[in-house]
Every structure is written in C-alpha cells, then in structure tokens.
K.L.:
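Quick one: the structure is below, and I'll ask about it shortly.
Numbers here simply count residues along the sequence, with the first being 1.
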Amino acid sequence: MFEQFDLDQALLGAINNIGYKKPTSIQELALPAAMAGKDVLASAPTGTGKTAAFILPAAQHLLDYPRTKPGFPRVLILTPTRELAIQIHEQSEKLTALTKIKSAVMTGGVNYGSHKDILTTTTDILVATPGRLLEYIESEQFDVRDIEILIIDEADRMLDLGFSETINRIVGEARWRKQTMLFSATLAGSGVIKFSKELLNEPVFLEANPSRKEKAKTHQWIHLADSRDHKVALLLNILKQEDVKRTVVFANKRETVQYLSGKLYAEEVPCAWLEGKMPQDKRTSAVERLRNSAVNVLVATDVAARGLDIDDITHVINFDMPRKADIYLHRIGRTGRAGNKGTAISLVEAHDMGVISKIERFVDERLQRRVIEELRPKNKEARVPQKKAKVKRSAAQKKAKAKKQSKKGKKK
C-alpha cells in the first residue's frame, strides 16, 4: 500500500481519490530511492505508472521543505512532446489537489502570452518541452536557479528527437539542483545510459519488471500487402470489424496521415489526425476527440507514439512500418495498458520484411502472419533471403576437422 512510503496525508488522500489501490512495480522501486534524495535512472514499460513514480516524491519534497519566498519553479519536468507535457501536468494537478502546490505546463506551439503567469507568479512544479523553455532562459525571462529537482521523462525519445544539446544547456543552467531523475520506457539502443553519466551523480539504477496484472498482453500480427492500395483496403476492413473499438493508426509521413484521413472519411469512417506541424489547439482537439469518443480512430505520425495516454485503446495499426524496432515498441505501447488486453496489427509490403526481422529479434517473438480471405495477397510471402553465416574457425578447429575428414576417408 502507498502508506508504506511515509507520504503526506494530503498526497495519500489524492491517491485514494484517483482510485489507485496499490503501487505498481516501478513505483515500488522508485519511491524509496527518490524520496531519499538519490539520483535515479529508471526504466519501465509504458502504462505502468511512471508519472506518479516521479511526481509523488517531488511533491513530498516540496511539502517537507516549504518555500520561504515567492519565485520560479523548484521542480522541473522535461518531456519530448506537447501532448505528454499536458498529460503529466494533469496528473500532477490530480496528485497534488489536496495541497497548495501549484503546477504549470509550458510548451511550444502556443501563444507566448499564455505563459505570462508562469514567468511572473510563483509556480512549484513546471512541466515543459525543452525548446520553449530554453527560449525563455536565453531571453532571461525564466530563472532555473531555484530548481531543486530535475526530472527528464522519456529520455530515450528526447535523444531520438535530437534534444540532447538543448537539455545539456538547461541542465547546465540548473546546476544548483539537489536531485536528478531520468525515466525511460527502454534503455536499448538509445544512448540513455551514456547520456545519464553526464547528468546523474551516483544514480540508483532501477528496471521494473511489471507484474502480470500490470503487464498487459498485446497480441501482435501482420498482414502482407501487395501495394499501398492493398494496405488501404486491409485497413478499412480491419477498422470496420466489430471488436475494433478505439484505434490509433500510425504512418511515417504527415502527407500519408492526410491521405489516409481523406480515405477514411470517404468510406464513412470518421477519424481525427495528429502530426507534428499542427497548431497546439488543433493537436489538443484531435486527442480530446478520441478520448471523448467523438471519433474512434486517430491517424498519427510518431509524434503520438510517446505520451498518448488514452484509456482503452483496443488496437494499434501500423499502416507504415517504423524505421527502427524500438519505435515499434513505443507505438504498440499505446494499447494493452495497465492490465488491459490490446492488439497491434502491421500492414507489411515486401520492402518492409527487413525491419520485420529486426522487430522480431527485438521483441523476441515471431509476428504471426494472418490473412483476410477476400483480401488475400497475390504475391507469396516476402522473405528476406537468409545468407548462410560463415563460421570462423580457429587453427586448432581447422586441424581437428581435417583429422576427422582424414579418418572418414580411411574407413571408406
């Protein structure tokens, strides 16, 4: 139970109001270390309660050491996307609802005037995207010297999006901080551990293994397709199936997102869409339309692969395969969250088979091939020819092999 962590009664009351019954595996690991003031490098799958794992100890610190004068935020949470920043801010407000802690969110894509309160009044917890925050720091409108706790969420995605230099500059400005925490869905192939060595001081390394209840089962399979038109036909067929309730469709390019949205509307499948260059108000509106069930399909680029926290997404469909295996993992993490079952379906052309083999190695699972009878592909299953690996033998092994062959020859 959460009482074991010696949290303030106001935080325990908010936890109870939200409906959390017991801590998740990442919360069990992170709360004691974080509340002891240690630097943390934590890895846990999406949908397993990472946000509360860093907000609760940060809020407890603010309650244990009340501010003595008005000023800039004392806790800074950096996130890679606007959507994730907004969702973390919402979670922060819920968890601190029974306290006097004030949270705020600062992202790009909105009018500069909307941040006036953050820059001129007292805020305790700030959730921000790096680019906009650095603008205010460089223009001397924002002072990070009050930052006591720095939290970087989705650290691997930050690096993928090229934020490392921006983060390093913000970190340099916040050098008086007392504690730093990095949270990530995966540490594989992202350089997060190397990155963490520059930011963290003798960190506690935490890697959560979710319980069966937390770790949802996501069924994964692929449909082979002859062409883009064939993929569109497969997509429409899947979206019209009865068990497909709430779906995110991923494409690699914004032009494809616009193309698919038009196709879906033409076939009377209402959808919302989300891509990087949309104004913030339209992005927020698109997410809300899916969350509120105004539509049941969201077509998106990878801007939505992180931080899109919507309950009961039953299906993720990869119209385009991602270029990297870890991005595949982030995409399918939108479904099967918090113990719910989910389904991830990939529409695969012959040129995608190379990345499929990488994904299968990455997730340690062969993706099942399925067929919709009326849309059966004309081409045989595309396979990447497997070259026979050359076995390198030592001199001793070569000698033993030659001796063995020699004995066989004599027997004949």
K.L.:
Inspect the contact between E148 and R74 and indicate whether a charged nitrogen and a carboxylate oxygen are less than 4.0 angstrom apart.
P.N.:
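Yes, charged N to carboxylate O under 4.0 Å.
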K.L.:
Test side chain to side chain donor-acceptor pair (under 3.5 Å) on N237 and E374 and set out the steps.
P.N.:
CA-CA 10 Å; N237 183 291; E374 61 269 31; 3.3 Å; yes
K.L.:
Any carboxylate oxygen within less than 4.0 angstrom of a Lys/Arg side-chain nitrogen, looking at K231 and D226?
P.N.:
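No, no charged N to carboxylate O under 4.0 Å.
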K.L.:
Which residues pass the side-chain hydrogen bond (donor to acceptor under 3.5 Å, both in side chains) test with R175, not counting sequence neighbours?
P.N.:
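Testing R175 for side-chain hydrogen bond (donor to acceptor under 3.5 Å, both in side chains), a comparison that skips the adjacent residues, returns none.
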K.L.:
Taking N168 for its side chain and S164 for its backbone only, find out whether a donor-acceptor pair lies under 3.5 Å.
P.N.:
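It does hold such a pair.
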K.L.:
Between Y328 and F362, does the ring centre distance come in under 6.0 Å?
P.N.:
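Between Y328 and F362, the centre distance exceeds or equals 6.0 Å.
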K.L.:
Can a side-chain donor-acceptor contact be found between R157 and T79 if the only test is distance below 3.5 angstrom?
P.N.:
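No, R157 and T79 have no side-chain donor paired with an acceptor closer than 3.5 Å.
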K.L.:
Does a side-chain N-to-carboxylate-O contact under 4.0 Å join D153 and K50?
P.N.:
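Here D153 pairs with K50 in a salt bridge, since their nearest N and O are under 4.0 Å apart.
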K.L.:
Under 4.0 Å between a side-chain nitrogen and a carboxylate oxygen: does that hold for K240 and E267?
P.N.:
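Yes, K240 and E267 are salt-bridged.
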K.L.:
Taking side-chain hydrogen bond (donor to acceptor under 3.5 Å, both in side chains) as the definition, give me every residue that meets it alongside R323, ordered by chain and number, with sequence neighbours left out.
P.N.:
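Testing R323 for side-chain hydrogen bond (donor to acceptor under 3.5 Å, both in side chains), a comparison that skips the adjacent residues, returns none.
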K.L.:
With K102, which residues qualify under side-chain hydrogen bond (donor to acceptor under 3.5 Å, both in side chains), at least two apart?
P.N.:
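Testing K102 for side-chain hydrogen bond (donor to acceptor under 3.5 Å, both in side chains), a comparison that skips the adjacent residues, returns T121.
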K.L.:
Please report the C-alpha distance between F319 and F250 in whole Å, then the side-chain angles of each, then the deciding distance to 0.1 Å, and finally whether the ring-ring contact (aromatic ring centres under 6.0 Å, His included) criterion is met.
P.N.:
CA-CA 6 Å; F319 183 83; F250 282 107; over 10 Å; no
K.L.:
Under the side-chain hydrogen bond (donor to acceptor under 3.5 Å, both in side chains) rule, collect the residues that match up with N252, sequence neighbours excluded.
P.N.:
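By the side-chain hydrogen bond (donor to acceptor under 3.5 Å, both in side chains) rule, N252 matches R331.
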K.L.:
Please determine whether a side-chain nitrogen of the Lys or Arg among E360 and R369 lies less than 4.0 Å from a carboxylate oxygen of the Asp or Glu.
P.N.:
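Result for this pair is yes, salt bridge flagged.
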K.L.:
Taking distance alone, no hydrogens or angles, what donor-acceptor pairs closer than 3.5 Å link side-chain atoms of residues 62-70 to residues at least two apart or in another chain?
P.N.:
{"residue": "D64", "atom": "OD1", "partner": "Q60", "partner atom": "NE2", "Å": "2.9"}
{"residue": "R67", "atom": "NE", "partner": "D124", "partner atom": "OD1", "Å": "3.2"}
{"residue": "R67", "atom": "NH1", "partner": "K69", "partner atom": "O", "Å": "3.2"}
{"residue": "R67", "atom": "NH2", "partner": "F72", "partner atom": "O", "Å": "2.9"}
{"residue": "R67", "atom": "NH2", "partner": "T123", "partner atom": "O", "Å": "3.0"}

K.L.:
Taking only residues at least two apart or on different chains, which pairs with a member in residues 252-300 satisfy ring-ring contact (aromatic ring centres under 6.0 Å, His included)?
P.N.:
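Listed once each, the pairs would be none.
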